[in-house]
Student: 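Submitted below is the structure of interest, expressed as structure tokens.
Both counts, for ligands and for their atoms, begin at 1 and track the order of listing.
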Amino acid sequence: MSKERVLTGIRPTGYLHIGNYFGATRNFLRMQDDFDCFVFVADWHSLTTHPDTSELQNGVRRVLAENIACGLDPEKVTLYIQSDVPEIAELYLYLNMLAYKGELEKTTTFKEKVRQHPDNVNAGLLTYPVLQAADIVIHRAGKVPVGKDQEQHLEMARNFAQRFNFRYGNGDIILPEPQAFSYDGGDLVKILSLNGEGKMSKSENEMNTLYLADDDEMIRKKIMKSKTDQGPETENSIKPDYIENLFTLMKLVSTADTVAYFEEKYNQSSAGNCVIRYGDMKKQLAEDMIAFIAPIRQKANEMLQNKEYLATVMKAGRDKARASASETLRVVRRAIGVTYY
Ligand code: TYM
């Protein structure tokens with residue numbers, strides 16, 4: 001029986017951070033043996049925000065190297081660059097005919113970008129979710145491991161696939177509807193920035209983001225100044241989201257005993273009797289985070305010296321991805337009727 005296909009993409013704008021790892025990469029590490037996995041670097045998507053393209057080459061290699069350093073095995077996973085697969089652009093064109101201006105304008109990420117960059121509201125930005133849908137359905141992927149911030153894009157991808165099937169499928173499912181996926185009880189993950197304001201992000205808020213490229217001292221510095229408070233008012237109280245975030249990070253990198261120890265201290269704490277020491281918790285978290293990040297950083301840096309190896313991975317991924325994409329496109333063209341001989 002053939003394996004179910006899963007896919008995810010990452011933009012090459014800036015260094016990978018622990019949010020990317022937790023939201024997407026970690027799921028893939030668990031899936032690579034049991035699923036047919038596709039992971040790609042979304043370089044076209046990054047052009048929507050007009051980055052300095054002289055940085056693109058390094059950015060793409062870094063994302064690739066960091067993913068492999070995290071444990072993605074290029075022998076098992078098809079790792080490729082979006083712009084190496086022109087079939088995606090053709091499918092994007094067809095799906096654009098099924099995407100409406102009103103719904104695109106209402107997309108949360110679009111509205112955010114308009115707020116951040118009112119001088120660069122380009123058509124690529126507006127149709128960003130359409131390109132993302134094309135990325136996914138070109139490989140007929142069913143599951144898409146992503147963080148919480150991508151939930152709406154996945155919903156839109158399902159809508160576009162559904163509309164395509166309705167208009168051109170003649171009763172058949174030509175493009176399967178993809179689902180966002182996470183192992184964490186199905187809940188999509190959102191790692192907050194260390195100051196508790198918004199999500200951790202590649203290109204903003206650098207001192208509050210833990211990058212896989214950060215050196216040990218930087219990790220210590222960032223975690224030690226992360227947001228905490230005076231402690232809980234009552235025993236067993238609900239954690240504010242910035243404290244919950246520290247526990248979430250701890251669950252990722254520390255032992256279960258360590259997490260249980262601080263959970264217990266938190267639950268025993270109340271106003272006038274604060275037995276949880278956030279300073280100690282942060283020190284422990286910093287050391288465990290260093291133990292987690294340092295080997296990934298070292299491996300990624302070594303791999304970045306080996307451009308030939310990375311080129312070999314990209315080319316092998318490109319060939320596999322194009323074979324799969326052109327097969328879908330053949331079916332898509334036939335369904336639409338743009339086949340003349
Ligand atoms: P990007 O590059 O912003 O992020 C890559 C992955 O990391 C997840 N992520 C997070 N998860 C938890 N907490 C955070 N703070 C956090 N920040 C980022 C994202 O949800 C994502 O899974 N539009 C996509 C790239 C893309 C894509 C696709 C993804 C293009 N085509 C097709 C899936 C399928 C993006 O900008 O991800």
Side-chain angles (χ1 to χ4, degrees), residues 5-28 31 37-49 51 59-60 62-64 66-67 70 72 80-83 85 88-89 91-92 95 107-110 112-113 124-125 127-158 160-161 178-184 187-205 208-212 241-242 244-245 248-249 252 321 325:
R5 186 161 286 177
V6 298
L7 169 143
T8 209
I10 307 157
R11 279 174 305 143
T13 42
Y15 295 96
L16 281 199
H17 54 74
I18 207 80
N20 301 129
Y21 181 87
F22 213 3
T25 310
R26 194 176 64 130
N27 283 298
F28 253 94
M31 295 175 109
C37 293
F38 281 57
V39 178
F40 71 96
V41 185
D43 57 342
W44 280 338
H45 273 111
S46 70
L47 297 179
T48 55
T49 50
V60 165
R62 176 159 279 284
V63 168
L64 209 63
E66 285 182 330
N67 270 292
C70 285
L72 278 195
Y80 63 98
I81 314 303
Q82 187 182 35
S83 60
V85 185
I88 298 168
L91 185 56
Y92 169 50
L95 294 181
T107 314
T108 309
T109 45
F110 177 70
E112 254 170 42
K113 292 281 189 257
L125 205 56
T127 56
Y128 185 112
V130 189
L131 180 56
Q132 181 155 345
D135 291 331
I136 300 167
V137 297
I138 195 82
H139 297 302
R140 310 160 72 80
K143 288 190 173 64
V144 184
V146 280
K148 181 90 180 146
D149 59 321
Q150 298 299 314
E151 198 168 32
Q152 190 181 32
H153 288 167
L154 263 291
E155 192 186 320
M156 295 174 84
R158 280 196 293 283
F160 301 145
Q179 302 291 335
F181 179 82
S182 169
Y183 273 109
D184 293 271
D187 291 336
L188 301 185
V189 174
K190 178 179 178 180
I191 301 292
L192 292 186
S193 140
L194 292 172
N195 64 0
E197 287 165 23
K199 63 164 190 156
M200 221 179 242
S201 136
K202 272 195 228 101
S203 37
E204 296 146 35
N205 219 342
N208 293 302
T209 297
L210 289 169
Y211 296 101
L212 298 180
D241 50 10
Y242 48 89
E244 184 71 62
N245 199 45
T248 303
L249 293 175
L252 172 65

Student: Is there at least one pair of N or O atoms, one from Asn20 and one from ligand 1, spaced under 3.5 Å apart?
Tutor: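 Checking ligand 1 against Asn20, an N or O pair does fall under 3.5 Å apart.
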Student: Using a 4.0 Å heavy-atom cut-off, which part of His17 comes near ligand 1: side chain, backbone, both, or neither?
Tutor: side chain
Student: Just wondering, more than 12 heavy atoms not from Tyr15 lying within 6.0 Å of its OH?
Tutor: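 Check fails, neighbour count at 12 or below.
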Student: Does any N or O of ligand 1 fall below 3.5 Å from an N or O anywhere on Gly147, backbone included?
Tutor: yes
Student: Which option, Leu192, Ile191, Thr209, owns the non-hydrogen atom nearest atom 13 (N) of ligand 1?
Tutor: Ile191
Student: For ligand 1, note which part of Arg11 has a heavy atom under 4.0 Å away: side chain, backbone, both or neither.
Tutor: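 For Arg11, the contact with ligand 1 is made by both the backbone and the side chain.
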Student: I want to know if ligand 1 touches Asp149 in the polar sense, i.e. an N/O pair below 3.5 angstrom.
Tutor: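 By distance alone, the answer is yes.
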Student: Under 6.0 Å between ring centres: does that hold for Phe22 and His17?
Tutor: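 No: the rings miss the under 6.0 Å criterion.
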Student: Minimum heavy-atom separation for Leu72 to Phe28, with atom names?
Tutor: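 For Leu72 and Phe28, the tightest heavy-atom pair comes out as CD2-CB, 3.8 Å.
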Student: When you compare the side chains of Gln132 and His45, does any donor N or O come within less than 3.5 Å of an acceptor on the partner?
Tutor: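 Result is no, nothing qualifies.
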Student: When you look for heavy atoms under 4.0 Å from ligand 1, do you find them on the side chain of Phe40, its backbone, both, or neither?
Tutor: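 Phe40 to ligand 1: side-chain contact only, backbone stays beyond 4.0 Å.
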Student: Please say whether Asp135 places an N or O atom under 3.5 Å from an N or O atom belonging to ligand 1.
Tutor: yes
Student: Which class fits the ring pair Phe38 and Tyr80: parallel under 30°, tilted 30 to 60°, perpendicular over 60°?
Tutor: perpendicular
Student: Pairing donors with acceptors under 3.5 angstrom, does anything connect the side chains of Ser193 and Tyr242?
Tutor: no
Student: Identify, by atom number and element, the atoms of ligand 1 in contact range of Val146, meaning under 4.0 Å from any of its heavy atoms.
Tutor: 20 (O), 22 (O), 33 (C)
Student: Can you tell which of Glu155, Gln152, Lys113, Glu112 makes a side-chain contact (heavy atoms from CB on, under 4.5 Å) with Thr107?
Tutor: Gln152
Student: Would you compute the distance between atom CG of Leu16 and atom SG of Cys70 and round it to the nearest 0.5 angstrom?
Tutor: 6.5 Å
Student: Can you list the atoms of ligand 1 that are under 4.0 Å from a heavy atom of Ile10?
Tutor: 2 (O), 5 (C)
Student: Check Pro145 against Met31 and note the closest heavy-atom contact, atom names and distance.
Tutor: CG-SD, 3.8 Å
Student: Would you mind telling me if ligand 1 is within reach of the side chain of Ile136, the backbone, both or neither, using heavy atoms under 4.0 Å?
Tutor: side chain
Student: Does any N/O atom on Gly19 come nearer than 3.5 Å to any N/O atom on ligand 1?
Tutor: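 Yes, Gly19 has an N/O under 3.5 Å of an N/O on ligand 1.
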Student: Using a strict cut-off of 4.0 Å, indicate which atoms of ligand 1 neighbour a heavy atom of Lys190.
Tutor: 12 (C), 13 (N)
Student: Leu7 to ligand 1: N or O pair under 3.5 Å?
Tutor: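 It does not: no N or O of Leu7 is found under 3.5 Å from an N or O of ligand 1.
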